[in-house]
Amino acid sequence: MKQLIRIVFIATSFFSSVVSADKVLPGTYDNLKAEERGKVGRLLMHPKENNTFLFSLKLNRGKPSYNSGHIFGELTFVDNVANFQSADFKFNEKICKLKFKNVDDFISVSSIDNNNQCGFGFGVYADGEYSLTSKDIPESYIDTLGNTVKFQ
């Protein structure tokens, strides 16, 4: 019986370490593929509690229009996935719905059901892969008016 308990404990410990290997990390994530094309995508992740984060996502389309976008809010990851939804910029019954998926050292962001009415400028989309570029925990972000806003 002791041997069985020991085996179950070891198996449980191993499984727990495997599950936590994909833990979402706070820090700065950049869309490096977009940068290669002159665009900007930066995701800041500030830890709140457990798997909940405050986030800021800034985007810029680049030349020639430099249209931009910014959205912020709260994400709770379950099984490495968090969904964000906001009706602040509702248009034709479409709202902002984004899926954030943690994979290794990047977070994939994608629009859900083509619901990408997030208040971004023309031709600006959040979709893409954001690579972890800094593990430093961001304490604030710059909003669209240039104000420094602390994560709280």
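Residues: numbered from 1 along the sequence shown. None of these values were measured; they are calculated from a predicted model. Computed over heavy atoms, backbone and side chain alike; hydrogens, waters and symmetry mates excluded.
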**Asked** Just how far is it from atom CG of L132 to atom CG of L25, taken to the nearest 0.5 Å?
**Response** 6.0 Å

**Prompt:** Does H46 reach the main-chain N or O of L54 with its side chain, forming a donor-acceptor pair under 3.5 Å?
**Reply:** no

**Asked** Is there side-chain contact between N102 and V81, with at least one heavy-atom pair below 4.5 Å?
**Response** no

**Message:** Testing F100, F53, F55 one by one against F84 for a ring pair (Phe, Tyr, Trp, His ring centres under 6.0 Å), which residue passes?
**Reply:** F55

**Request:** Quick one: pull up CG in L59 and OG in S68 and give me the separation to the nearest 0.5 Å.
**Result:** 8.5 Å

**Asked** Would a 4.5 Å heavy-atom cut-off, applied to side chains only, mark K58 and Y141 as touching?
**Response** no

**Item:** Short side-chain to backbone donor-acceptor contact, D127 and S111, under 3.5 Å
**Value:** yes

**Request:** Mark yes when over 12 heavy atoms from residues, nucleotides or ligands other than D113 sit less than 6.0 Å from its CG; otherwise mark no.
**Result:** no

**Item:** K94, NZ: over 12 other non-hydrogen atoms inside 6.0 angstrom
**Value:** yes

**Message:** Please report the interatomic distance OG1(T52) to CG(L75), rounded to the nearest 0.5 Å.
**Reply:** 8.5 Å

**Asked** Is there side-chain contact between F72 and V149, with heavy atoms separated by less than 4.5 Å?
**Response** no

**Request:** Would you check if F106 and S108 make a side-chain contact, meaning some heavy-atom pair closer than 4.5 Å?
**Result:** yes

**Interatomic spacing from CE in M45 to CZ in F151 - rounded to 0.5 Å** = 9.5 Å

**Request:** State, yes or no, whether a side-chain contact exists between F120 and C96 at a heavy-atom distance under 4.5 Å.
**Result:** no

**Request:** Working to the nearest 0.5 Å, report the span between NE2 of H70 and SG of C118.
**Result:** 12.0 Å

**Item:** salt bridge (charged side-chain N to carboxylate O under 4.0 Å, His left out) against K99, all qualifying residues, sequence neighbours excluded
**Value:** none

**Fill in**
Rounded to the nearest 0.5 angstrom, the CG-CD distance for D88 and Q85 is 11.0 Å

**Heavy-atom side-chain proximity of N60 to V124 below 4.5 angstrom** = no

**Request:** Keeping to residues at least two apart or across chains, list the disulfide bond (SG atoms under 2.5 Å apart) pairs with something in residues 54-84.
**Result:** none

**Asked** For L43 and T28, what are the C-alpha separation, side-chain angles and deciding distance, and is it a side-chain contact (heavy atoms from CB on, under 4.5 Å)?
**Response** CA-CA 6 Å; L43 173 64; T28 300; over 6 Å; no

**Prompt:** Under the side-chain contact (heavy atoms from CB on, under 4.5 Å) criterion, do K39 and N31 qualify, and how do the steps go?
**Reply:** CA-CA 9 Å; K39 300 178 180 186; N31 188 333; over 6 Å; no

**Asked** Side chains of I137 and P47: does their closest heavy-atom pair fall under 4.5 Å?
**Response** yes

**Request:** Would you check if R42 and L44 make a side-chain contact, meaning some heavy-atom pair closer than 4.5 Å?
**Result:** yes

